[in-house]
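Report on the following structure.
Only heavy atoms go into these numbers, but all of them, side chains included; no hydrogens, no water, no symmetry mates. Naming: A, B, ... by sequence-line order, numbering from 1 per chain. In this text the structure is predicted, and so the values were computed from the model without any measurement.
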Amino acid sequence: MAVRVKIPTPLRGLTGEVDTVQIECATLEEMVGQLEGAYPGMRERLCDESGALRRFVNVYINGEDVRFLDGLASALKAGDEVSIVPAVAGG
Amino acid sequence: MTVSVYIPSPFRRLTQNHEYVDVDGVNVAEVLDAVNARYPGFGNLVYDREHVIPPHINIYVNNHEIHELAGTETALHDGDQVAVIPAVAGGADEPTPSTALTSDEAMRYSRHMIMGQVGSIGQRKMRNAKVLIVGAGGLGSPVAIYLALAGVGTVGIVEFDTVDLSNLQRQLLHQTPDVGKSKLQSAIETLNAYNPHVTVVPHNAPLTSDNAMDIIPNYDIIVNGADNFATRYLVNDAAYLSGKTLVDGSILLFDGQATVFKPGHGCYRCLYPAPPPPGLVPSCAEAGVLGAITGIIGSIQATEVFKQILDIGEPLLNRLLLVDALTMEFRTMKLRRDPGCPLCGEYPTVTELIDYDQFCGSPPLVPIDAD
Ligand SMILES: [Zn+2]
């Protein structure tokens, strides 16, 4: 069993409109690497030039903000659900 | 005919602090004269020099404004209630008399009032509530309409744009004949048609660091329907610095987000510490937005406002609700107050409003119809 990654609609242009991606990985860092491998351009959307998670894109593991866990070093295990949530300003 | 006249608090110094004055008269003009005879000077407050009631004074007979009736010639009957209500900028005074609900109101709101969570006390809380909506666009429309339908007494709206044809795919406040009209004017007409008991307070300017603290503190609850990051951070900071509850919502494409911020429970800066650089996250004008998602998120925001007014249920605090219309999944994420937050953290560095255009790196506000 893999980690399920929920892709928000603003990023689905990169995944060919796929909304949920299954990835085998042990950390968030690995997850980002595998996403980038499968869908080039994803890393740039999630991380800044220094490699840190962007401050207007939140990543949640089972509903918990990874900024309150270990950031990109946060551990993942089979069955976890990762949500990518970018800030949007539409009203 | 003996009728009871409600005297607004700013005029009570003339009436020895009497909130109600009972006088005789067959119509409104006679009754106002009778009050003036008993408390000289009262007439100067309700009439201008031409002996005409000025636009900032509203007079109600049994909760109907006399312009809808026969003006000062409106006939009165024993037991009628006349209320004198001066409009005060920002809605700082009572918008409607704090009297019992009329039979018209009781019928109009009966599907709410029959529920134990609302009742007549809850309905009067609705009437006394003052809610500010930032933006009369996609989100602001359903929020304003549901608030008006429910009888929220004072609905303030901040908006400076005009209605564009491309707004009509989602912005329920505006209709085809409104294209080219100011959004505020269109909103006032729509909301008055839905419910004439509601006072709509227009704020006809972009919200800025200069005017936000003159507007936001006058309201009980703030609803965010802004269409850009600079205004979203500004509304967040001004609501927090005023100690107000902020009901937040945002949309793009088929996605929506909603949450409630209350001082002590985190803020928009805790959720998103910094805005995206300009151009990195597209606006609705650039990327598109499903019209109906504005109805979903706006209805959730209106629901959270009602829960705050009525003090019922569990508010959407410390939770970020995500709606994906394509999968039709609703999920909630934990939203924590960040102790390092520059606004609401332990050692705040943002203690007054800042320059949000500079913070967001965006050009100065210009009218756009991206909302
Ligand atoms: Zn905060």
Side-chain angles (χ1 to χ4, degrees), chain A residues 3-22 28 31 40-72 74 76 79-91, chain B residues 134-140 224-233 248-257 268-277 280-285 287-290 293-294 297-298 319-320 322 324-327 329 331-336 338 340 360 370-371:
Chain A
V3 171
R4 290 155 41 85
V5 186
K6 308 293 286 187
I7 311 292
T9 61
L11 295 186
R12 278 184 211 160
L14 291 173
T15 64
E17 301 307 321
V18 170
D19 59 70
T20 308
V21 178
Q22 308 269 349
L28 197 59
M31 187 205 84
M42 195 63 98
R43 181 188 296 278
E44 193 201 342
R45 303 300 288 273
L46 303 180
C47 302
D48 63 21
E49 301 73 28
S50 73
L53 279 173
R54 290 187 182 276
R55 298 173 80 200
F56 54 89
V57 180
N58 289 346
V59 178
Y60 299 86
I61 298 175
N62 302 326
E64 183 68 71
D65 188 338
V66 302
R67 280 190 284 129
F68 296 95
L69 300 172
D70 294 319
L72 282 169
S74 301
L76 288 168
D80 281 349
E81 183 174 275
V82 176
S83 302
I84 299 170
V85 182
V88 296
Chain B
V134 180
L139 294 175
N224 210 342
D227 66 355
N228 62 82
F229 283 106
T231 307
R232 287 186 175 277
Y233 281 95
D248 201 47
S250 57
I251 44 160
L252 185 67
L253 297 162
F254 295 90
D255 274 13
Q257 304 180 10
Y268 190 67
R269 288 174 181 269
C270 297
L271 177 61
Y272 296 113
L280 215 65
V281 173
S283 68
C284 294
V289 62
L290 180 71
I293 193 86
T294 62
I297 298 297
R319 292 180 286 158
L320 175 68
L322 303 175
D324 177 341
L326 288 179
T327 57
E329 285 183 314
R331 294 177 300 135
T332 47
M333 304 291 134
K334 274 189 205 140
L335 196 164
R336 294 175 187 273
D338 180 357
C360 294
D371 42 357

Please give me the minimum heavy-atom distance between [X] and [Y], naming the atom from each residue.
X: B:L252; Y: A:T9; answer: O-OG1, 4.0 Å
X: A:N58; Y: B:Y272; answer: ND2-CE2, 3.4 Å
X: B:L139; Y: A:G90; answer: CD1-O, 4.0 Å

Using a cut-off of under 4.5 Å for heavy-atom pairs, which of B:G256, B:P282, B:S250 has the most such pairs with chain A? B:S250
Once you round to the nearest 0.5 Å, how far does [atom1] of [X] lie from [atom2] of [Y]?
X: A:F56; Y: B:C360; atom1: CZ; atom2: SG; result: 11.5 Å
X: A:E64; Y: B:L335; atom1: CD; atom2: CG; result: 10.5 Å
X: B:L320; Y: A:D65; atom1: CG; atom2: CG; result: 9.5 Å
X: A:I61; Y: B:M333; atom1: CD1; atom2: CE; result: 11.5 Å
X: A:Y60; Y: B:R331; atom1: OH; atom2: CZ; result: 10.5 Å
X: A:I7; Y: B:D324; atom1: CD1; atom2: CG; result: 11.0 Å

Mark yes when over 12 heavy atoms from residues, nucleotides or ligands other than A:E44 sit less than 6.0 Å from its CD; otherwise mark no. no
Proximal component of [X], with respect to chain A [non-hydrogen, under 4.5 Å]:
X: B:L322; result: side chain
X: B:L271; result: both
X: B:D255; result: both
X: B:T294; result: neither
X: B:R232; result: side chain
X: B:A274; result: both
X: B:D338; result: both

Measuring only between side-chain heavy atoms, which start at C-beta, is [X] closer than 4.5 Å to [Y]?
X: B:L280; Y: A:R45; value: no
X: A:R55; Y: B:P275; value: no
X: A:R12; Y: B:L326; value: yes

Can you check whether A:V85's main-chain N or O pairs, donor with acceptor, with B:Q257's side chain at less than 3.5 Å? no
